[in-house]
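Residue numbering restarts at 1 for every chain, and letters A, B, ... go by the order of the sequence lines.
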Amino acid sequence: MKKSVINAIHEILQREFVLEKPANLSFGHYATPIAFSLAKELKKSPMLIAEELCSAFGSQPMFKEVTAIKGYINFKLSETFLDTYATWALQNEERFGSDRQECSILLEYVSANPTGPLHIGHARGAVIGDSLYKIGRHLGYNIVSEYYINDAGNQVDLLGLSLFLAGREHILGLDVTWPEEFYRGEYIIDLAHIAKAELGSVIFEKEDNIATLSVWGKDKMLELIKSNLADVGIVFENFVSEKSLYDQWDASFQKLQRNNKTYQEGGKTWIRSTELGDEKDRVVVRDDGRPTYLAGDIIYHDNKFQRGYDQYINIWGADHHGYIARVKAAINFLGYDENKLEVILAQMVSLLKGGEPYKMSKRAGNFILMSDVVAEIGSDALRFVFLSKKSDTQLEFDIDVFKQEDSNNPIFYINYAHARINQVFAKAGKTIEDVRSIPLVGLNEEAQNLLFSALLLPEVLEDAFSSRQVQKVTEYLKALAASLHKFYNENRVVGSMDEDKLLKLLAMVGLSLRVGLKLIGIRAKEKM
RNA sequence: GCGCUCGUAGCUCAAUUGGAUAGAGCAACGGACUUCGGAUCCGUAGGUUGUAGGUUCGACUCCUGUCGGGCGCACCA
């Protein structure tokens, strides 16, 4: 809708302009402040310019009126235009708002180490990533979701060792001395018991078996992570194993060398990341020949960029922000455009329950497990909270709020709006097909405004996606639900003179609610 | 100490990315049912956008200083 409006206006004005929504809908559906930016150039007052530009719009089928108010040019869309659009939307059903885009995007998120279950911090990045993915898909981007598995390096060895020691202590009943660093939490002990069942308790007898336990444990943990994700409706297309990439190290390393971006010092190999704003140069190969974590990420990003996407998005925990500079430097050194990589940081989350800090789970080893929170408030609520806030602010939420079934709980509120619409149709004994082609003309102002709000879904999605701010979708859904409830309270549908028209209007609202919810991973309720 | 980031109503968060009178929900108070399910709606109150400057037609948004919170500052991942 916005696109066609922009095109129509562009045809008249013949120049670039910003199209926005007026603060007050009574001014119009859209507005542009273009007269302000022209004021200097033309040496005239914005009000005058606005009025002159207005008169350039003769009578257009798209606009009911074009007015100049305080320097803004306001556009009011015609009923027929809105009706045509709504009819089209209702024919498209769940595909309303979908489009085609040329751009291909690789979206990487979660990528939690396969050494333990997902905790609540992972959940935020997970649902934001998944919703961006779903919205992007809907909008027609060629977007692919990917999970990078850190299955090489110390932490996997540490997992094996932790399992080994846990098995010796809890299964073989031996005394063990725990090292300073190991994975704690009851999930390790649970996992040791599973290891006993699958591999036999002999596995805990010889230290030689630690390597076997590492690999076995890592696979088990990955399964657990996948099932944690599936519980909130997240399924990845790609999994890329860090370990499997090391074959390509030589190739990546040679690229860096050729560009003279590495050097040897103290028996180690360094990368010149300071050249591109990093705080210091970084070691990529240690003096014993083992590559560092950064080496893995260099290969991984080399691998990503070889696949030739137009854009790359990584969602990382905010504690990794210091890492951005060196990865971007590496991408540049490999000969790619590092600006194609965009990193979204997901900030910390703290949970409350009844106003008190949420108790950490012993099972998790001082982390709050994502699965515990899902068990308590459900996937929909979990998703909704995290999607309602900008990712870059720290957030605090009380899970008790999401157990309430009233207007405190926004999902409930939105679902109720959707269910209400179904209820009205049921009461009227009609279906969407019955009213789809009824022309929406002669509606009162409230009805027209509601219709317009419902038709905004595609541009909200586009805006949310391109700014990577999914909270715009939840905000929109809350506002649309509120408009629906208000309308419902003030206007009787069933039995009214305009019954069919109003039913079509409600169908349109229901469609936008349903599609919007679907794209943030929540299924709209037909009945409460 | 350095770097990144955040600071908006009592609380949790928005604000069309520089636009018109900074908005929602909760909490508080007052209203609306012989109802298409009141699981809803309407109203009142609540703000010097941490703070001091600057940039311009116009600043919550950009710049500088400052105060406060968070996170980093590994050859761990």
For A:Tyr72 and B:G19, do the ring centres fall under 5.5 Å apart while the planes stay under 30° apart?
no
A:Tyr413 stacking on B:A39: centroids under 5.5 Å, ring planes under 30°?
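A stacking contact does not exist, since A:Tyr413 is not both close and nearly parallel to the base ring of B:A39.
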Applying a 4.0 Å non-hydrogen cut-off, can you work out what [X] is touching in the nucleic acid: base, sugar-phosphate, or nothing?
{"X": "A:Ala39", "value": "nothing"}
{"X": "A:Ala31", "value": "base"}
{"X": "A:Leu395", "value": "sugar-phosphate"}
{"X": "A:Asp278", "value": "nothing"}
{"X": "A:Phe27", "value": "base"}
{"X": "A:Glu459", "value": "nothing"}

Tell me whether the NZ or CZ atom of [X] lies within the 45° cone about the ring axis of [Y] and under 6.0 Å from its centre.
{"X": "A:Arg468", "Y": "A:Phe465", "result": "yes"}
{"X": "A:Lys226", "Y": "A:Phe239", "result": "yes"}
{"X": "A:Arg184", "Y": "A:Phe182", "result": "yes"}

Donor-acceptor pair, [X] side chain versus [Y] backbone, under 3.5 Å?
{"X": "A:Tyr476", "Y": "A:Ala454", "answer": "yes"}
{"X": "A:Ser273", "Y": "A:Ala329", "answer": "no"}
{"X": "A:Asp434", "Y": "A:Thr431", "answer": "yes"}
{"X": "A:Asn303", "Y": "A:Ile299", "answer": "no"}
{"X": "A:Asp281", "Y": "A:Trp270", "answer": "no"}
{"X": "A:Arg383", "Y": "A:Ile520", "answer": "yes"}

Within a radius of less than 6.0 Å around CD of A:Glu181, do more than 12 heavy atoms belonging to other residues, nucleotides or ligands occur?
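It does not: A:Glu181 CD has 12 such atoms or fewer within range.
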In terms of heavy-atom contacts, does CD of A:Glu433 have more than 12 from other residues, nucleotides or ligands at under 6.0 Å?
yes
Less than 3.5 Å apart, any donor N or O on the side chain of A:Asp392 or A:Gln347 sitting next to an acceptor on the other?
no
By nearest atom, which of the nucleotides [options] is closest to the [X] side chain?
{"X": "A:Ser467", "options": "B:G37, B:A77, B:U17", "answer": "B:U17"}
{"X": "A:Glu475", "options": "B:A15, B:C13, B:C42", "answer": "B:C13"}
{"X": "A:Lys389", "options": "B:A14, B:G72, B:A20", "answer": "B:A14"}
{"X": "A:Ala23", "options": "B:U16, B:G37, B:C41", "answer": "B:U16"}
{"X": "A:Lys70", "options": "B:A39, B:U21, B:U17", "answer": "B:U21"}

Length of the line joining [X]:[atom1] and [N]:[atom2], which is rounded to integer Å:
{"X": "A:Phe384", "N": "B:C26", "atom1": "CZ", "atom2": "P", "answer": "14 Å"}
{"X": "A:Asp463", "N": "B:U17", "atom1": "CG", "atom2": "P", "answer": "7 Å"}
{"X": "A:Tyr183", "N": "B:A77", "atom1": "OH", "atom2": "C1'", "answer": "7 Å"}
{"X": "A:Lys280", "N": "B:C73", "atom1": "NZ", "atom2": "P", "answer": "9 Å"}
{"X": "A:Glu490", "N": "B:G38", "atom1": "CD", "atom2": "P", "answer": "14 Å"}
{"X": "A:Leu387", "N": "B:G25", "atom1": "CG", "atom2": "P", "answer": "21 Å"}
{"X": "A:Leu484", "N": "B:G37", "atom1": "CG", "atom2": "P", "answer": "13 Å"}
{"X": "A:Lys3", "N": "B:U16", "atom1": "NZ", "atom2": "P", "answer": "21 Å"}

I'd like to know whether the aromatic ring centres of [X] and [Y] sit less than 6.0 Å apart in this structure.
{"X": "A:Tyr323", "Y": "A:Tyr293", "result": "yes"}
{"X": "A:Tyr148", "Y": "A:Tyr109", "result": "no"}
{"X": "A:Tyr30", "Y": "A:Phe75", "result": "no"}

Look at the side-chain N and O atoms of [X] and state whether any lies under 4.0 Å from the OP1 or OP2 oxygen of [N].
{"X": "A:Asn113", "N": "B:A77", "answer": "no"}
{"X": "A:Lys486", "N": "B:U40", "answer": "no"}
{"X": "A:Arg326", "N": "B:A77", "answer": "no"}

Please state the [atom1] separation for the pair [N] and [M] - nearest whole angstrom.
{"N": "B:U66", "M": "B:A20", "atom1": "C1'", "value": "32 Å"}
{"N": "B:U16", "M": "B:C4", "atom1": "P", "value": "24 Å"}
{"N": "B:A77", "M": "B:G72", "atom1": "C1'", "value": "14 Å"}
{"N": "B:C2", "M": "B:U17", "atom1": "C1'", "value": "30 Å"}
{"N": "B:G1", "M": "B:G19", "atom1": "P", "value": "36 Å"}
{"N": "B:U61", "M": "B:C42", "atom1": "C1'", "value": "33 Å"}
{"N": "B:C57", "M": "B:A52", "atom1": "C1'", "value": "24 Å"}
{"N": "B:U21", "M": "B:U49", "atom1": "C1'", "value": "15 Å"}

If each of A:Lys21 and A:Ile69 is mapped to the nucleotide of RNA chain B with the nearest heavy atom, which maps nearer the 5' terminus, i.e. the 5' end?
A:Lys21
Both A:His485 and A:Ser391 contact RNA chain B. Taking the nearest nucleotide for each, which residue is further toward the 5' end?
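Upstream on the strand: A:Ser391.
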Any donor-acceptor pair under 3.5 Å joining the side chain of A:Asp297 to the base of B:A77?
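Side chain to base: no pair below 3.5 Å.
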Pairing annotation in dot-bracket form, given for RNA chain B with Watson-Crick or G-U pairs under 3.5 Å and | for cross-strand partners
(((((((..((((.....[...)))).(((((.......))))).....(((((..]....))))))))))))....
Under 3.5 Å between N/O atoms: give me all the protein pairs with nucleotides 2-11 of chain B, atom names plus distance.
{"from": "B:G3", "atom 1": "N2", "to": "A:His321", "atom 2": "NE2", "distance (Å)": "2.9"}

The glycosidic conformation of B:U21, counting syn as within 90° of 0 and anti otherwise, is anti
Contact list (N/O, under 3.5 angstrom) for nucleotides 55-63 of chain B vs protein:
{"from": "B:C57", "atom 1": "OP1", "to": "A:Lys40", "atom 2": "NZ", "distance (Å)": "2.8"}

